[in-house]
A.B. asks: 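My questions will all concern the structure given below.
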Protein chains: 4
Amino acid sequence: MDRAILSIMERNRIESPDPPSRGPGRPRSREAHAAILTAAIDLVREVGYDAVTMDGIAARAGVGKATVYRRWAGKEQLVVEALGLLVAAMPVPDTGDTHQDVLLLMLTHLRMYQDPATGALLSGLVAAMARSEAIAHAVRSGFIAIRERALRGVLERGAARGDLPADVDPVLATELLNGPLFYRYLIHGGPMDEAQVHGVVRAVLRGLAPGA
Amino acid sequence: MDRAILSIMERNRIESPDPPSRGPGRPRSREAHAAILTAAIDLVREVGYDAVTMDGIAARAGVGKATVYRRWAGKEQLVVEALGLLVAAMPVPDTGDTHQDVLLLMLTHLRMYQDPATGALLSGLVAAMARSEAIAHAVRSGFIAIRERALRGVLERGAARGDLPADVDPVLATELLNGPLFYRYLIHGGPMDEAQVHGVVRAVLRGLAPGA
Amino acid sequence: MDRAILSIMERNRIESPDPPSRGPGRPRSREAHAAILTAAIDLVREVGYDAVTMDGIAARAGVGKATVYRRWAGKEQLVVEALGLLVAAMPVPDTGDTHQDVLLLMLTHLRMYQDPATGALLSGLVAAMARSEAIAHAVRSGFIAIRERALRGVLERGAARGDLPADVDPVLATELLNGPLFYRYLIHGGPMDEAQVHGVVRAVLRGLAPGA
Amino acid sequence: MDRAILSIMERNRIESPDPPSRGPGRPRSREAHAAILTAAIDLVREVGYDAVTMDGIAARAGVGKATVYRRWAGKEQLVVEALGLLVAAMPVPDTGDTHQDVLLLMLTHLRMYQDPATGALLSGLVAAMARSEAIAHAVRSGFIAIRERALRGVLERGAARGDLPADVDPVLATELLNGPLFYRYLIHGGPMDEAQVHGVVRAVLRGLAPGA
DNA sequence: TCCTAAGCGAGACGGTACGTCCAGTCTTCGT
DNA sequence: ACGAAGACTGGACGTACCGTCTCGCTTAGGA
């Protein structure tokens, strides 16, 4: 997976908060960076967020713990970033049909929950967000913002097209659509099936656009 | 709070997973049981879920650690039950007006998130559910089931009354209504305001009952 | 072994420090008393003094812990008394030959160390004596005093007979004879063999009675 | 006392059973090692062997518990080594007079029992030896061996000089001399006085060397 | 004969030490 | 001046044992 991580890092211009210094001495190893992220993701996938330890990540990555802490301030920050890599790229559908666009977006979203790695991360992150405002901020402005931005784009095109009322509240819409998916995954412990996603989209769009 | 806990325990017939044995020997102390739950709730309220320790709970309850571990297998199980007590009693509104009933239920739900103690517990529990199927089961069949049962009752009365289609999917309805509240609290870090809850209820009921 | 304990108890008129009260109420059970002592001895034999627990003794004896604590103040007191039973009866030889008498006494003593139960008790008791003056007193005035009294009797007969100087110091003699046996057992971890006991007796008697 | 401990450690090349690995990584701290031993000795002196706790030692040494357990497997092992340091250095007298040499050795030995710290350790160690063959081995090959080696040296010089028979059994001699001191301390709860030590030495040497 | 006080087995109680584990930091090498 | 390795402090974890305290139930003696 190292290759994938490296290429995603490049694509998304991911940078550590403390980037490689330019001065003399041995430069930081990109390999170490990628190995740590890979190890973090793999371990979360295997044993779950809480059972992951920094010692474990360092050992799996073949790296000293100091090398981890030189780049991230703690376990949560590291895992947030690792998760961010997995979800950074999210295509925004634009088929000309609002209902179709929303549905595609939701199914992409659903696919994420069907991946055990991402799914397992999710619940840990929710707790981490409650513990630390810094993490909450990171998650909101990464993971969540990407999703909400995509959804908002689709809804705005829909409003421009006249499929939705011009005054539809994007915050309300986001919560009506994303909320049920989260609820189902976090509370009932597994992803929805596709038919249920269809039902959610149908009901929410109908609820938002009474005349439609 | 001990009194309240004791009476709630009685009312709800809350029992530990390993209830007092019926055989010979000194019976388990109800006072200790209540004191532990009280201490757990108070400490979560004061220092947050993660900073709570079993030693701290035992000390605050004036109880030995063994007495805690005799009843609960760990911190999470204990806190799950403590949370369950707080939310066990939830009045089911029945005003004759479906929209009004759903709204009242949601506002009761909202009130829970506005209480820092319950709110703080929630995110920890979500993570705990992901860690352990036993906890997940406990939360689902307590905390969650109570809420969903109440909601379902209201919807069924609504369907009987003709306010909602007879074939409305109760699972879908539950997720459409509860999901946004959870999403907002867990992801955006604070409860909705009442106006937003009105918006959610209006949109969802409209989405479920197109002709209404 | 219960039978043996009961009969030894009777023979030696062993009584607990807090004997059954004479008043009304159910009298203390002799069976329980003997079962506890037996269990204590057996467990020491099997797992060693330190690994013995009061819960273990009570369980093995088929007795409640309160029944144990009603009779003895703690583990050490109980084990001291249990050991006392094993060694209460010690025949004092009187063959008319001082060297022979001392030797017989020492070999009896030796036999005690060769019994794993008594041997294992011994080292635990030494530590217990250091911890508590009450135990030290109990051991000294039971276990130890019995041995030293026997030895002193033999030496006095020897002095009367003219085999030993009249002014031989009985304290010195006791320590010269018993010391090496203890030292060997406690420090080197096993009993002397009989030949070595012969050597000790020969050297000590010669040292005490220069002209002999 | 840290200085003293460190210098004794160096002099005697004392090493933990699990010595600092030679490979990469941070080496074990000599300061921590010495601080732990010092704390152990001081605490035994102050509160007695049984009341010493590992938490207490770690706290007094200003060290985490893991640092203690990385070096020693438990309380007993630690205290054995601490005691070993106290008695490592024992001068072997060589005055040219065998009786005098033995007496000096015994009085040095006696002095040890007169120190409350060492004395208190002793009885705990005896019990520890019975519990664990590893501890027994450590005590025998340290504490005890040093004493017995010194005594043997003196006796051999005496035999060479003709003060003692050439065939005197060194094991027998050791036990005859050391046994009474141990017996007195462990069983009667206090050290001999010097006059009694004179008596022991006189009797034992006379017993070993009949013609002397 | 019944009452009543004390003992009985069982096991929970408050405490306390144990030995393990992890987080986040620091220190030594070797590269 | 980086890298890996691993020891460092600190503190929570869950277990085990101690000596005490209830439970509901015998089991005598005295009334």
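Nothing here was measured: the structure is a model prediction, and the numbers come from that model. So you know, we letter chains A, B, ... as the sequences are listed, proteins then strands, and number each from 1. These numbers come from the heavy atoms of this one structure, side chains and all, not from hydrogens, waters or symmetry mates.
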A.B. asks: For D/Ala32 and A/Ala59, find the nucleotide of DNA chain F closest to each by heavy atoms; which residue's nucleotide sits nearer the 5' end?
C.D. replies: A/Ala59

A.B. asks: What is the distance, rounded to the nearest whole Å, between atom CZ of C/Arg30 and atom P of E/dC8?
C.D. replies: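 Whole-Å distance recorded here is 12 Å.
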
A.B. asks: Quick check: do C/Ile57 and C/Arg60 have side-chain heavy atoms less than 4.5 Å from each other?
C.D. replies: no

A.B. asks: Return the set of residues passing salt bridge (Lys or Arg N to Asp or Glu O under 4.0 Å) with D/Lys65 (not counting sequence neighbours), or none when no residue passes.
C.D. replies: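 D/Lys65: salt bridge (Lys or Arg N to Asp or Glu O under 4.0 Å) contacts with D/Asp55.
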
A.B. asks: Show the distances under 3.5 angstrom between N or O atoms of the protein and N or O atoms of nucleotides 27-29 of chain E.
C.D. replies:
| residue | atom | partner | partner atom | Å |
| --- | --- | --- | --- | --- |
| E/dT27 | O4' | D/Arg26 | NE | 3.2 |

A.B. asks: Would you say the side-chain atoms of B/His33 and B/Arg71 include a donor-acceptor pair closer than 3.5 Å?
C.D. replies: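 On atom types as modelled, these side chains qualify, holding a pair under 3.5 Å.
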
A.B. asks: Mind calculating the distance between CZ (A/Arg60) and P (F/dA4) to the nearest angstrom?
C.D. replies: 17 Å

A.B. asks: Just how far, in rounded Å, is C1' of F/dG14 from CD of B/Glu76?
C.D. replies: 13 Å

A.B. asks: To the nearest 0.5 Å, tell me how far B/Ile36 CD1 sits from B/Ile41 CD1.
C.D. replies: 12.0 Å

A.B. asks: Are B/Thr67 and E/dG14 close enough that a side-chain N or O sits under 4.0 Å from OP1 or OP2?
C.D. replies: yes

A.B. asks: What's the shortest heavy-atom distance between A/Ala61 and A/Ala35, and which atoms?
C.D. replies: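 Heavy atoms only, the tightest pair is CB-O, 3.6 Å.
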
A.B. asks: Over all strands shown, is B/Ser29 touching base, sugar-phosphate only, or nothing at heavy-atom distances under 4.0 angstrom?
C.D. replies: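 Sugar-phosphate contact only.
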
A.B. asks: Using atom CE of A/Met54 as one end and atom C1' of E/dC21 as the other, report the distance to the nearest whole Å.
C.D. replies: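 Distance, rounded to whole Å: 16 Å.
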
A.B. asks: Let me know the distance between NZ of A/Lys75 and P of E/dC21, rounded to the nearest Å.
C.D. replies: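 Atom-to-atom, A/Lys75 to E/dC21, this comes out as 16 Å.
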
A.B. asks: Taking donor-acceptor contacts at under 3.5 Å, does the side chain of B/Lys65 reach the base of F/dG14?
C.D. replies: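 Check passes, donor-acceptor contact within cut-off.
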
A.B. asks: With C/Ala66, which residues qualify under side chain to side chain contact (heavy atoms under 4.5 Å, CB included), at least two apart?
C.D. replies: C/Arg70

A.B. asks: Looking at E/dA17, E/dC13, F/dA12, which one has an atom nearest to any side-chain atom of B/Arg71?
C.D. replies: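 Of the candidates, E/dC13 comes closest.
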
A.B. asks: Could you give the OH-to-P distance, from B/Tyr69 to E/dC13, as a whole number of Å?
C.D. replies: 15 Å

A.B. asks: Which part of the nucleic acid, if any, lies within contact of A/Val52, taking any heavy atom under 4.0 Å across all strands shown: a base, the sugar-phosphate backbone alone, or nothing?
C.D. replies: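 If one applies the 4.0 Å heavy-atom cut-off, A/Val52 turns out to touch the sugar-phosphate alone, with no base involved.
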
A.B. asks: Rounded to the nearest Å, what distance is computed from the NE2 atom of residue C/His33 to the C1' atom of nucleotide E/dC8?
C.D. replies: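 Computing the C/His33:NE2 to E/dC8:C1' distance gives 16 Å.
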
A.B. asks: Closest nucleotide of DNA chain F for B/Gly56 versus for A/Asp55: which of these residues is on the 5' side?
C.D. replies: A/Asp55

A.B. asks: What is the distance from CZ of D/Arg28 to P of F/dA5, rounded to the nearest Å?
C.D. replies: 17 Å

A.B. asks: Which is more 5' along DNA chain E, the nucleotide nearest B/Val68 or the one nearest C/Ala61? Just name the residue.
C.D. replies: C/Ala61

A.B. asks: Would you say D/Val52 and D/Val79 make side-chain contact, with heavy atoms under 4.5 Å?
C.D. replies: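 The answer is no, as the side chains (C-beta and beyond) never meet within the 4.5 Å cut-off.
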
